[in-house]
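Keep in mind the model is a prediction, meaning the values are calculated, not measured. Letters go in sequence order (proteins before strands), and every chain restarts at 1.
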Amino acid sequence: MNLKDLILQEYKTFAPNASTAVPKVLREESIKQLSEWGIPTIKQEEWKYTNLKSILETPFKLNGGNGKAEGLHYYNINAYKLVFVNGILNATLSDTKGIEAFATLKSISEAEPAVLEKHFNKFHPFKDGLQASNLAFAQHGVYLHVAKGKVLPKPIIVYFLADTTQGPILAQPRNLVVLEQGASVKWIESFQSTGNDTSFTNICSEFFLHQDSHLEQYKFQEENDKAYHVGTSQVVHLEKSYSHSAVMTWSGALVRNNLNIHLGAEYCEAHLYGLYLGNNNRHIDNHTLVDHAKPNCYSNELYKGILDDQSTGVFNGKIWVQKDAQKTNAFQSNKNVLLSAKATMNTKPQLEIFADDVKCSHGATVGQLDEEALFFLRARGIPVAQARLLLMQAFSDDVLNKITIPELQEEITATLAQRLRP
Amino acid sequence: MLSIKNLQARVEEKEILKGINLEVKAGEVHAIMGPNGSGKSTLASILAGRETYEVTGGSITFEGKDLLELSPEDRAREGVFLAFQYPVEIPGVSTINFLKTAVNAIREYRGEEAMDAVSFLKMMKEKTKVVEIDETLLKRSLNEGFSGGEKKRNEIFQMAMLEPKLAVLDETDSGLDIDALKIVANGVNKLRSKNNAVIVVTHYQRLLDYIVPDYVHVLYNGRIVKSGTKELALELEAKGYDWIKNENTAV
């Protein structure tokens with residue numbers, strides 16, 4: 001049975017017991033869309049370079065199975081912690097003690113309907129079959145509602161582990177984070193997998209930022225070579241809110257990260273950072289959108305990639321400056337280093353500007369490590385492998401520096417250095 | 001220390017060095033002068049192991065070892081240092097950062113223990129004084145946004161840190177005003193000893209007022225056509241390179 005039919009069939013079992021927090025009509029509409037649209041193919045413009053066909057016949061289990069959290073790697077940080085295994089929360093391994101003084105934390109299936117009605121599924125510029133499927137199955141996932149003026153005293157980290165020791169797993173978590181006026185959160189998503197079978201994570205995280213709120217979100221992809229990942233993060237900004245997103249991918253078989261930012265009110269600021277390291281046959285696709293809908297907003301985007309072996313990278317960066325959005329400042333840069341003649345990078349900045357008083361710039365480069373710099377370092381006595389590593393680390397550093405949690409920055413930097421070592 | 005015999009080299013199809021012979025002993029300073037395109041920088045680059053040149057004949061022996069057999073990093077670890085004509089900029093790599101790696105790579109090669117952070121910083125402080133370089137520059141990305149003089153001073157600072165046996169200065173004077181030139185030359189002089197040697201590659205005589213050579217060689221059209229003492233440099237300055245060119249086309 002192909003993936004679409006598998007999901008449609010599973011829905012029949014799932015629907016009668018589904019939480020009513022997410023309106024039934026949304027689920028029904030979405031499952032209908034999946035049925036019509038199917039799983040995205042390379043015939044769709046947004047999926048031109050990313051082909052999911054190798055998992056279309058995989059007999060995935062959708063209901064979580066009996067996943068275990070063995071082998072989960074915990075980051076060395078002081079944070080509220082949530083652990084999901086195969087899309088289901090493992091309460092024993094989670095620890096969010098004390099968070100209730102600042103925020104409401106629940107499963108999305110228990111979210112307050114009034115809050116959901118106002119903040120859930122509010123921005124979906126590129127809804128496709130997979131996003132529709134995610135919405136139809138919105139049941140497991142984090143609902144975090146940070147109260148007005150509250151600053152979470154430590155970051156919250158959510159681990160999503162795929163355990164395939166009992167067979168292939170498809171997980172579709174759905175998260176909603178609402179920041180009331182002046183609230184502030186550091187949110188971290190970590191994706192990992194164990195076992196030798198195929199895993200497919202189809203996740204969606206939504207962030208709704210009220211006036212003057214402050215979001216930092218990180219996404220670290222370290223699933224194994226059998227892991228497929230399609231993730232969508234959507235950030236909706238209201239007045240004077242601030243977001244800082246950093247998406248880092250250094251493993252997984254196929255990874256597609258969508259990051260959609262909607263600057264829906266004046267004086268908002270969004271920073272988007274990405275780093276991806278490809279090797280072997282890895283495929284890493286980053287699609288970003290910054291939608292400047294209102295005047296006087298600022299966005300800055302920097303994505304960098306290092307691709308080795310036969311790996312493939314995709315970057316698509318859309319910036320929309322709508323008619324209303326005068327005095328927009330929008331900057332975008334995508335820089336890539338290819339270490340091998342067989343590595344491929346497809347980069348496409350896509351600016352659509354309908355306002356006339358704006359400052360926008362973009363740049364995309366694909367090149368090799370600087371030979372002259374390499375020779376220089378060798379001529380100073382540094383062995384060639386170490387010299388290459390130094391240059392690659394220097395290249396990555398201006399993204400890694402954007403991790404504002406020092407112990408996390410240190411750990412990720414060390415992990416990536418290890419990964420880049422020949 | 002260094003023995004170059006009948007060295008021939010080309011880049012792509014173009015022959016650049018057509019049989020260079022040069023003997024350098026410990027404690028000596030040799031100046032290599034010559035008009036543009038004579039092969040001066042090629043010689044400097046080949047000594048350091050730059051791969052864009054193909055050596056087609058001859059030999060280079062350094063401290064009894066076949067230099068041409070060694071990788072650029074091993075040459076550096078054996079004690080060869082090239083001060084670049086055009087110092088490279090490396091965004092994201094600070095001078096301190098790569099020098100720490102370099103110093104320890106060289107120590108490891110020599111079977112010495114890695115230098116701890118405290119000793120390294122102490123050494124760095126001492127050497128910054130030799131070349132009068134601002135310490136804050138060394139914490140910044142290598143040569144990024146540095147003035148011409150700062151870049152060249154940084155090269156000499158690296159030389160001071162790495163303590164090479166043979167230093168090759170490739171047009172270190174180019175682009176320097178007289179004050180910067182004096183500082184750079186002064187730095188080189190402080191590093192001179194009876195155990196090390198310096199090859200100064202330059203187009204102009206003026207650097208040699210400050211770094212006084214024991215021998216001067218004139219390179220023209222891929223060969224050393226004249227060798228002498230420091231007076232030769234003055235003669236060149238007075239007569240110009242046409243003197244050499246005419247003499248050699250006449251032969």
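In this structure, chain A has a heavy atom under 4.5 Å from the side chain of B:N97, while its backbone stays farther away. Neither the backbone nor the side chain of B:L99 comes within contact range of chain A, judged by heavy atoms closer than 4.5 Å. Neither the backbone nor the side chain of B:R75 comes within contact range of chain A; no heavy atom of the residue lies under 4.5 Å from a heavy atom of that chain. Of the two parts of A:Q393, neither the backbone nor the side chain holds a non-hydrogen atom closer than 4.5 Å to a non-hydrogen atom of chain B.
B:E73 is not listed as a side-chain neighbour of A:I382, based on a closest heavy-atom distance of 4.5 Å or more. When side chains are defined from C-beta on, B:I90 counts as touching A:L377, because their heavy atoms get closer than 4.5 Å. Within the 4.5 Å cutoff, the side chain of A:R378 has heavy atoms near those of the B:E51 side chain. Side-chain contact check for B:R50 versus A:E372: some heavy-atom pair is nearer than 4.5 Å. Counting heavy atoms from C-beta on, the side chains of A:P383 and B:R77 come closer than 4.5 Å. B:Q158 places a side-chain heavy atom less than 4.5 Å from the side chain of A:F376.
Two rings, from B:F84 and A:F375, have their centers less than 6.0 Å apart.
Across B:A76 and A:A379, no two heavy atoms sit closer than the pair CB-O, 3.2 Å.
In the displayed structure, B:Y86 atom OH is contacted under 6.0 Å by at most 12 heavy atoms of other residues, nucleotides or ligands. Environment of CG in B:D116: crowded, with over 12 heavy atoms of neighbouring residues, nucleotides or ligands closer than 6.0 Å. Counting heavy atoms of neighbouring residues, nucleotides and ligands inside a 6.0 Å radius, atom NZ of A:K154 exceeds 12 of them. Counting heavy atoms of neighbouring residues, nucleotides and ligands inside a 6.0 Å radius, atom NZ of A:K335 does not exceed 12 of them. Heavy atoms of other residues, nucleotides or ligands lying less than 6.0 angstrom from NZ of B:K190 number more than 12. Around the CD atom of B:E135, the shell of radius 6.0 Å holds more than 12 heavy atoms that belong to other residues, nucleotides or ligands.
With rounding to the nearest 0.5 angstrom, the CZ atom of A:R380 is 13.5 Å from the OG1 atom of B:T101.
Ranking A:S396, A:G381, A:A373 against chain B, the residue ahead of the rest is A:G381, based on heavy-atom pairs under 4.5 Å.
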